[in-house]
Amino acid sequence: MREFAYVRATDAAEAAALVADRPDAVYLGGGTNLVDLMKLGVAGPGLVVDVSRLGQDRVEHRADGSALIGAAVRNGELAGDTGVRQRFPVLAQALVAGASGQLRTVATVAGNLLQRTRCGYFQDVTKPCNKREPGSGCPAIEGAHRELAILGTSDRCVANHPSDMAVALVALDAVARLRSADGTTRAVPVEELYVLPGDTPQRETVLAHGDLITEVELPAPPPGAAMSYRKVRDRRSYAFALVSVGAVVSVAEDGRLADVRIALGGVAPRPWRAREAESLLRGRHPDEETLREAARAELAAARPLPDNAFKVDLAIDLIVAAIRDLVARKDRA
């Protein structure tokens, strides 16, 4: 591990100034991803700025049903928050599915959003990787890619995004609030926080150097919405998703889908909002064939590799099962 300096920031302005002044500076939240990457030699910051004690550690529930989540809220606290469990269960379920209790106690909301891929080639500094060293190649395309992405990939990178929480937030239309080094603020939908690899896989988000996530805002869910997070993984204990689905569904009195939101995990370089499937399902009766038609349309853009082609059918089945079960739950209510 490279030698580095450590500073605990006292406020957001100080933190942003410290990082903006040094190209080799990074923010530290819980450290559950950053510290691992530093140990592996993937990350080698010269300055680590601790932003875990800036006061952004509260969950605020509003009268209109929306919520504001501080960037430094620990994942375990968020998963156990009564308001989150009652009004945004897809988020609580995703957090519990994402990591052990020990990790949830340490990991922060902003850190979870900004965690980097677990692609084995990215994490192994003895191997080439366009994300780690632009222009060096992507050996995963011809090598071990079973767990990697099938949507939104490029000829330079097929890595996938590992966050479960981010998938749920995308399904909830969550918005990240950012503070730039110059003190200006802006709001970015979590869905738009990430960029696809294209020709620049080393660029993963829209954040500029020094930008700090301060809060995440959850709009009120649609009236009467049912929601859930489903995750398929290789083992029952904690593992990254092969495919996951965060779904939010509202059913009209005539049984048609009044609103439907679907986000996929484990299949793309970012949490994948299934816009095509949503448009085909909205306003229609959710019978089995309609659900399957919409799911197939969403996966039509997939570019699977030989060893992860199974993810196409798995994602289709999981979308169908998630929506079908939510509709059935509403029918029983």
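- Atom-to-atom distance recorded for Lys39:NZ and Gln123:CD is 13.0 Å, nearest 0.5 angstrom.
- When side chains are defined from C-beta on, Ile262 does not count as touching Glu298, because their heavy atoms never get closer than 4.5 Å.
- Residues Phe310 and Leu242 are in side-chain contact: their nearest non-hydrogen atoms beyond the backbone lie under 4.5 Å apart.
- A donor-acceptor pair under 3.5 Å is formed between the side chain of Lys311 and the backbone N or O of Gly266.
- Among all heavy-atom pairs drawn from Pro222 and Val248, the shortest one is CD-CG1, 4.3 Å.
- Minimum heavy-atom separation, Met38 to Val48: CE-CG2, 4.2 Å.
- For Arg22, the side-chain hydrogen bond (donor to acceptor under 3.5 Å, both in side chains) partners are Asp24, not counting sequence neighbours.
- When atom types are taken as modelled, the side chain of Asn33 and the backbone of Arg116 share a donor-acceptor pair closer than 3.5 angstrom.
- With respect to Asp64 and Arg62, no salt bridge is recorded, no charged nitrogen being found less than 4.0 Å from a carboxylate O.
- Tyr27 and Leu193 end up in different hydrophobic clusters when Ile, Leu, Val, Met, Phe, Trp and Tyr side chains are linked at under 4.5 Å.
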TODO: Any chance you could lay out the side chain to side chain contact (heavy atoms under 4.5 Å, CB included) test for Val216 and Val73, step after step, and finish with the verdict?
DONE: CA-CA 10 Å; Val216 173; Val73 171; over 6 Å; no

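- At least one side-chain heavy atom of Ser136 sits less than 4.5 Å from a side-chain heavy atom of Asn130.
- For the residue pair Val167 and Gly246, the shortest heavy atom distance occurs at CG1-N, 4.0 Å.
- Leu34 and Val19 are members of different hydrophobic clusters when ILVMFWY side chains are connected at heavy-atom separations under 4.5 Å.
- Val190 and Leu78 fall within the same hydrophobic cluster, where Ile, Leu, Val, Met, Phe, Trp and Tyr residues are linked whenever their side-chain heavy atoms come under 4.5 Å apart, directly or through other members.
- Partners of Arg74 under the side-chain hydrogen bond (donor to acceptor under 3.5 Å, both in side chains) rule, at least two apart in sequence or in another chain, do not exist in this structure.
- Salt-bridge annotation for Arg179 and Glu215: absent, with no side-chain N of the basic residue lying under 4.0 Å from a carboxylate O of the acidic one.
- One finds a salt bridge joining Arg303 and Asp155 here, because a Lys/Arg side-chain nitrogen approaches an Asp/Glu carboxylate oxygen to under 4.0 Å.
- Atom CZ of Arg85 has 12 or fewer heavy atoms from other residues, nucleotides or ligands within 6.0 Å.
- Looking at His61 and Arg87, their side chains come closer than 4.5 Å, going by heavy atoms from C-beta outward.
- No side-chain heavy atom of Arg261 sits under 4.5 Å from any side-chain heavy atom of Met227.
- Shown here for Val175 and Ala187, the closest heavy-atom pair between the two residues is CG1-CB, 3.6 Å.
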- [ ] Under the side chain to side chain contact (heavy atoms under 4.5 Å, CB included) rule, what do Asp211 and Arg186 come out as? Steps first, then yes or no, please.
- [x] CA-CA 10 Å; Asp211 282 356; Arg186 68 188 194 276; 3.1 Å; yes

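- Rounded to the nearest 0.5 Å, atoms CG (Asp234) and CZ (Phe240) are 12.5 Å apart.
- For the pair Ile213/Val109, no side-chain contact is recorded, criterion being any heavy-atom separation below 4.5 Å from C-beta on.
- For the side-chain contact (heavy atoms from CB on, under 4.5 Å) test, residues two or more places apart in sequence or in another chain that qualify with Leu103 are Thr32, Ala99, Ser100.
- By the neighbour-count criterion of 12 heavy atoms within 6.0 Å, atom CD of Glu288 is densely surrounded, having more than that number from other residues, nucleotides or ligands.
- Taking CG from Asn75 and CG from Asn112, the interatomic distance works out to 5.0 Å, rounded to the nearest 0.5 Å.
- Remark: the backbone N or O of Asp182 is not paired with any side-chain donor or acceptor of Ser180 at under 3.5 angstrom.
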- [ ] Check the pair Arg275 / Glu191 against salt bridge (Lys or Arg N to Asp or Glu O under 4.0 Å), numbers first and verdict last.
- [x] CA-CA 11 Å; Arg275 297 284 184 183; Glu191 180 186 3; 2.6 Å; yes

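- Between Leu54 and Ala15, the closest heavy-atom pair is CD1-CB, 4.4 Å.
- At least one side-chain heavy atom of Arg177 sits under 4.5 Å from a side-chain heavy atom of Leu68.
- Here the side chain of Glu276 pairs no donor or acceptor atom with the backbone of Ala297 at under 3.5 angstrom.
- The nearest pair of heavy atoms linking Tyr121 to Pro139 is CD2-CG, 3.4 Å.
- Note that OG1 of Thr214 is 6.5 Å distant from CG of Leu212, once rounded to the nearest 0.5 Å.
- Applying the side-chain contact (heavy atoms from CB on, under 4.5 Å) test between Val267 and each of Val243, Leu148, Val245 identifies Val243 as the sole match.
- Here Glu293 pairs with Arg284 in a salt bridge; the nearest charged N to carboxylate O distance falls below 4.0 Å.
- Checking side-chain atoms of Arg132 against main-chain N and O of Phe122 turns up a donor-acceptor pair under 3.5 Å.
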Open item on the list: Please determine whether side chain to side chain contact (heavy atoms under 4.5 Å, CB included) holds for the pair Leu326 and Arg329, giving the CA-CA distance in whole Å, both sets of side-chain angles, and the decisive distance to 0.1 Å.
Closed with: CA-CA 5 Å; Leu326 286 174; Arg329 185 189 306 176; 3.8 Å; yes

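- Under the 4.5 Å side-chain heavy-atom criterion for Ile, Leu, Val, Met, Phe, Trp and Tyr, Leu207 and Val51 are members of distinct hydrophobic clusters.
- Residues Asp173 and Arg273 are paired through a salt bridge, judged by an N-O separation under 4.0 Å between the basic side chain and the carboxylate.
- If you take CD1 on Ile319 and CG on Leu314, they are separated by 10.0 Å, rounding to the nearest 0.5 Å.
- Counting heavy atoms from C-beta on, the side chains of Leu113 and Leu169 come closer than 4.5 Å.
- Under 4.0 Å is where a charged nitrogen must lie from a carboxylate oxygen, and between Arg282 and Asp259 at least one such pair does.
- Thr105 contributes a side-chain N or O that, together with a main-chain N or O of Gly101, makes up a donor-acceptor pair within less than 3.5 Å.
- Judged by distance alone, the side chain of Lys131 and the main-chain N or O of Pro201 form a donor-acceptor pair under 3.5 Å.
- Without hydrogens or angle criteria, Arg296 side chain to Leu299 main chain gives no donor-acceptor distance under 3.5 Å.
- Between the Arg230 side chain and the Ala247 main chain, no donor and acceptor come within less than 3.5 Å of each other.
- Under the 4.5 Å side-chain heavy-atom criterion for ILVMFWY residues, no single connected hydrophobic cluster contains both Tyr194 and Val26.
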- [ ] Could you go through the side-chain hydrogen bond (donor to acceptor under 3.5 Å, both in side chains) check for Arg235 and Ser237 one step at a time?
- [x] CA-CA 6 Å; Arg235 61 179 187 271; Ser237 60; 3.1 Å; yes

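- How far OG1 of Thr153 is from NE2 of His145: 11.0 Å, rounded to the nearest 0.5 Å.
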- [ ] Could you give me the CA-CA distance, side-chain angles and deciding distance for Leu40 and Val125, then say whether side chain to side chain contact (heavy atoms under 4.5 Å, CB included) is met?
- [x] CA-CA 8 Å; Leu40 292 169; Val125 295; 5.7 Å; no

